[in-house]
**Student:** 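Dropping a structure here in C-alpha cells format, bear with me for questions.
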2 protein chains.
Amino acid sequence: MTERLIQSIERAADILELFLAYDQELSVKDISSKLGLSKSTVHGIIKTLEYRGYLQQNKDDLKYKLGLKLFELGNRVSHQFDLGKIARPIIKKLVDELQETVHLVVFERGEVIYIEKLDGPRALRIYSQVGKRAPIHCTGVGKAILAFQEGEEINRLLSNTNLEPYTEYTMTNKEELINHLHFIREQGYSIDDEEIELGLKCVAAPIFDHHQHVIGAISCAAPKVRMDDVKLAEFIPRIQQAAESISQSMGYKTNPTLL
Amino acid sequence: MTERLIQSIERAADILELFLAYDQELSVKDISSKLGLSKSTVHGIIKTLEYRGYLQQNKDDLKYKLGLKLFELGNRVSHQFDLGKIARPIIKKLVDELQETVHLVVFERGEVIYIEKLDGPRALRIYSQVGKRAPIHCTGVGKAILAFQEGEEINRLLSNTNLEPYTEYTMTNKEELINHLHFIREQGYSIDDEEIELGLKCVAAPIFDHHQHVIGAISCAAPKVRMDDVKLAEFIPRIQQAAESISQSMGYKTNPTLL
DNA sequence: GAACGATGTTCGATAATGCCGAACGATGGA
DNA sequence: TCCATCGTTCGGCATTATCGAACATCGTTC
C-alpha cells in the first residue's frame, strides 16, 4: 500500500496532536521547535487552523489552544457511535445493580479509548477519563480486547507497545502476558488486579460486532478492598451478560463453533 | 489583514465539516461532488485524514465517517474550558433549585455553542444538544449574548444571519429584534417564548469575563405550561445570580459605571 | 526612556508537492 | 457476461507551501 499522503494536512494534524501530548497552551515558538519546522511555516498552518476554529489564540499571551470546532466535531463523533447509544441503558442498569463505576471503551486502529463512564454511588478517583486512551496491557478492558484478537494481531499490537509498568503488578514480560491472554480468552473475561493503579481492581468483558470482531469492552472498576472473591463471583456473570447483550444489539450472533 | 491560508488544510476542514452538515456517512463521490473537487483530490485528502484517525472508513460500503481522533481532541477541548469546570457545580445547584433543565453556552467567533446541559427531573425533549450551535436570534442564550455586544458588533453579527423563522413566534424583523435586544440589555436577562420551538420557554442571562466581555450565557428551559408568571418571577433572579456568580469566578468585577 | 532580546508576523523567491484528468480495478446489477 | 458505478492509482504540470530574512511588537533592563 503505497500511500500518498498530503504533507500539510499531516503537519496540521501534528500540531493539533501536540496539544494532546502537552495539554497546555502553546506558542508559535513552542510548536516550531517541538516539530522542527520554521516559525513562518508553523505560523501559516496555525493561522489557517485558527481561521477555521480548530485552534484559538489567547489574546493575552498570544498562545494557542484547541478550538471549539474540534469540540463540535468530537461531539458529533460520539453521537455517531451506535455502540454508545446502545450501551448506555445497559451500562446504567449495570451501575444500579453493582453500585460501582462502569466503563465502556471502543477499539479502533490499535487504540482503546474510553467513550463512556458512569460513576457508581461511592466515590472512586481513577485514571480513566472519557476521550482518553487506555493502555492495552494493564487494564481490564485492554486485556479483554487484546485476548480476543485474531491470528497474529496480538503480536502485532504488542510489538508496538513497550509494556510500560504502571505499578509493581503490571505485567511487563511479553511471554507471560501472552499466556495470560490465552487464559482470558478461555474464561471469557479479564481481571485487572492493581496493574494500572494501586488499590484498583477491575473486571472486564469484550464486546463483538456482527463480524465476530472485538469492537470494545466494558468493565466494572472498584477499590480492591471492595472487590473480594464473593463480590467478584457475583460481578463476573453480570458483566459478561451485559457485554453479550450489547454484542447482540450490535448484530453479533453467538457462534457455537467458536467456543 | 491579508491572510495567507493553506489551501489543503482548508479543504481538509471543508471535508470534516461536511459531516457536521450532513450527519451521515459519505462516499468519495458524495464529497467530491458536494465540494466541486476531483475524486482524486478528495481521495488524497481523505486517505490522509483516515491515516491520522480523523476519518474512518466503513469497510462494508467504503463510506467514511468522523474518526476517533476527533473524539479525543474534542474531549480535550471541553476540559480546557475553565468556564465549564467553574460553572458545573453552580449549574447543578440551579437544577436542584429550579427542577428544570439548565444550559450553558459559550460564545466565540460569532457562534454560540452548547457546552453543558443538565436535565431537570421532569422530562423535556428539546432541540439543544451539547456540541451543537444555538441560533442567536431565537434562543434565550443567543439573545442574551447578542444584547450585550459592544458597539457595532450586533449589526455585524446580525448581518451574517438570515433570521430564519423556527416557529411563528420567531422574530424575523431586524429592526424589531434590535429594539428587543436593547430592552434585554436594560433588564439584564432575556426570555425566549416559543421562538425556537413551540411550547418551549426559556430564561437566560449573560456571563462576562474579566474584560467585561460576554463569553457565554446560561438558561433555564421548560415547557411553556410550567413557566407561568409566578415561576418566571422566581426563576429570573436565580438565573441572574448564577450567571453573576459564574462571571465573578471568571474574574469579572461588577462595574458600577456600566449600569 | 533608549536599547535590547524574544517572539509574532509579513514577504519574496524557489523548489517541492498537491491537483487534475485519464486510466485502471473492483464490485454489483441487469 | 456485459455494463455501470465508484474507488483507487499514476504522471505531468502549475500551483503553492516552505524557508530565511526582514519587520513589527511587546516587555525588560539599566
Side-chain angles (χ1 to χ4, degrees), chain A residues 1-19 22 24-67 80 108-109 210-211, chain B residues 1-19 21-22 24-67 80 108-109 210-211 213:
Chain A
M1 182 137 74
T2 159
E3 297 281 9
R4 216 158 81 166
L5 301 168
I6 289 162
Q7 195 182 59
S8 45
I9 295 177
E10 286 228 73
R11 289 183 170 170
D14 287 337
I15 290 177
L16 292 178
E17 288 160 34
L18 221 47
F19 289 90
Y22 291 92
Q24 54 179 319
E25 297 191 349
L26 297 172
S27 66
V28 175
K29 180 76 190 315
D30 292 337
I31 296 169
S32 69
S33 63
K34 283 180 205 302
L35 294 180
L37 296 171
S38 74
K39 274 193 301 172
S40 49
T41 301
V42 170
H43 184 258
I45 298 171
I46 280 179
K47 281 299 167 191
T48 308
L49 290 172
E50 186 192 14
Y51 176 72
R52 290 311 214 99
Y54 292 75
L55 289 178
Q56 62 180 109
Q57 190 174 34
N58 183 334
K59 293 303 174 196
D60 295 333
D61 58 7
L62 300 182
K63 292 192 171 189
Y64 293 84
K65 59 180 173 178
L66 298 174
Q80 265 188 12
E108 187 202 316
R109 293 156 33 88
H210 60 111
H211 291 127
Chain B
M1 184 136 74
T2 159
E3 298 281 11
R4 215 156 82 164
L5 300 168
I6 289 163
Q7 195 183 59
S8 45
I9 295 177
E10 286 228 73
R11 288 183 170 171
D14 286 338
I15 290 176
L16 292 179
E17 287 160 35
L18 220 48
F19 289 90
Y22 290 93
Q24 56 179 316
E25 298 190 349
L26 297 172
S27 66
V28 174
K29 180 76 191 315
D30 292 338
I31 295 169
S32 69
S33 63
K34 283 180 205 303
L35 294 180
L37 297 170
S38 73
K39 273 193 301 169
S40 49
T41 302
V42 170
H43 183 259
I45 298 171
I46 281 180
K47 281 299 168 192
T48 307
L49 290 171
E50 186 193 14
Y51 177 71
R52 291 310 215 99
Y54 292 75
L55 290 177
Q56 61 181 111
Q57 191 174 33
N58 184 334
K59 294 302 175 196
D60 294 334
D61 57 8
L62 300 182
K63 292 191 173 190
Y64 293 85
K65 58 180 173 178
L66 298 174
Q80 268 188 10
E108 187 204 315
R109 293 155 31 90
H210 60 113
H211 292 127
H213 291 140

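In what follows, chains are A, B, ... by sequence order, proteins preceding strands, each numbered from 1.
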**Student:** Take the protein atom CG of D61(B) and the nucleotide atom P of dC6(D), then report the distance between them rounded to whole Å.
**Tutor:**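 My rounded result for the distance is 13 Å.
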**Student:** Calculate, to the nearest 0.5 Å, the distance between atoms CD1 and OG belonging to I45(A) and S32(A) respectively.
**Tutor:**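 Those atoms lie 10.5 Å apart.
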**Student:** Could you give the CG-to-P distance, from L35(A) to dT18(D), as a whole number of Å?
**Tutor:**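 Those two atoms, CG and P, are 12 Å apart.
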**Student:** D30(A): which residues meet the salt bridge (Lys or Arg N to Asp or Glu O under 4.0 Å) condition with it, sequence neighbours left out?
**Tutor:**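 Expected list: none.
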**Student:** In whole Å, I'd like the distance from the NZ atom of K63(A) to the P atom of dC26(D).
**Tutor:**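 Rounding to the nearest Å, NZ of K63(A) and P of dC26(D) are 18 Å apart.
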**Student:** With no hydrogens and no angle check, is any side-chain donor or acceptor of E25(B) less than 3.5 Å from a backbone partner on K63(B)?
**Tutor:**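 No; judged by distance alone, with no hydrogens or angles, the pair does not exist.
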**Student:** With a 4.5 Å heavy-atom cut-off, do I9(B) and Y51(A) have their side chains touching?
**Tutor:**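 Not in contact.
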**Student:** Phosphate oxygens OP1/OP2 of dG8(C): is one of them under 4.0 Å from a side-chain N or O of H43(A)?
**Tutor:**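 Negative; the distance criterion is not met.
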**Student:** In whole angstrom, what separates L26(B)'s CG from dG7(D)'s P?
**Tutor:**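 Interatomic distance, CG of L26(B) to P of dG7(D): 11 Å.
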**Student:** Using whole Å, what does the distance between atom C1' of nucleotide dG8(C) and atom CD1 of I46(A) come to?
**Tutor:**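 The answer, rounded to whole Å, is 10 Å.
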**Student:** Does dT7(C) have OP1 or OP2 sitting under 4.0 Å from an N or O in the side chain of K29(A)?
**Tutor:**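 K29(A) to dT7(C) OP1/OP2: side-chain N or O found under 4.0 Å.
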**Student:** Establish, for the pair K34(A) and Y22(A), whether the NZ or CZ atom is under 6.0 angstrom from the six-membered ring centre and no further than 45 degrees off its axis.
**Tutor:**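 That pair qualifies as a cation-pi contact.
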**Student:** Is K47(B) close enough to dT8(D) that one of its side-chain N or O atoms is under 4.0 Å from OP1 or OP2 there?
**Tutor:**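 Yes.
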**Student:** All N/O contacts under 3.5 Å from nucleotides 11-17 of chain D to the protein, with atom names and distances to one decimal?
**Tutor:**
residue, atom, partner, partner atom, Å
dG11(D), O6, R4(A), NH2, 2.8
dT16(D), OP1, Q7(B), OE1, 3.2
dT16(D), OP1, Q7(B), NE2, 2.8
dA17(D), OP1, Q7(B), N, 3.2
dA17(D), OP2, L5(B), O, 3.4
dA17(D), OP2, Q7(B), N, 3.4

**Student:** Give each stem of DNA chain D as a range with a range, requiring at least 3 consecutive Watson-Crick or G-U wobble pairs whose two distances are under 3.5 Å.
**Tutor:**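 Stem list for DNA chain D: C:1-30 with D:1-30.
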**Student:** For DNA chain C, whose closest nucleotide is more 5', that of S38(B) or that of G44(A)?
**Tutor:**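 Closest to the 5' end, via its nearest nucleotide, is G44(A).
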**Student:** If you take all heavy atoms of L16(B) and L66(B), which pair is closest and at what distance?
**Tutor:**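 It is O-CD2, 3.9 Å.
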**Student:** Separation of L49(B) atom CG from dG18(C) atom P, in whole Å?
**Tutor:**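 Answer to the nearest Å: 13 Å.
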**Student:** Just the rounded figure in Å: distance from C1' of dG18(C) to CD1 of I45(B).
**Tutor:**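 For the pair I45(B) CD1 and dG18(C) C1', the rounded distance is 9 Å.
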**Student:** Does any N or O in the side chain of R52(A) come within less than 3.5 Å of the main-chain N or O of E10(B), such that one atom is a donor and the other an acceptor?
**Tutor:**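 Confirmed, R52(A) side chain pairs with E10(B) backbone.
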**Student:** Rounded to whole angstrom units, what separation is found between the CG atom of L37(A) and the P atom of dT9(C)?
**Tutor:**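 Interatomic distance, CG of L37(A) to P of dT9(C): 17 Å.
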**Student:** Could a donor-acceptor pair under 3.5 angstrom be found where the side chain of S27(B) meets the base of dG7(D)?
**Tutor:**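 No, the side chain and the base share no sub-3.5 Å donor-acceptor pair.
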**Student:** With rounding to the nearest 0.5 Å, note down the distance linking OG1 in T48(A) to CD in Q7(B).
**Tutor:**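 So the OG1 of T48(A) and the CD of Q7(B) are separated by 10.5 Å.
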**Student:** Could you tell me whether the side chain of Y64(B) reaches within less than 4.5 Å of the side chain of L26(B), counting heavy atoms only?
**Tutor:**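 No - every pair of side-chain heavy atoms lies 4.5 Å or more apart.
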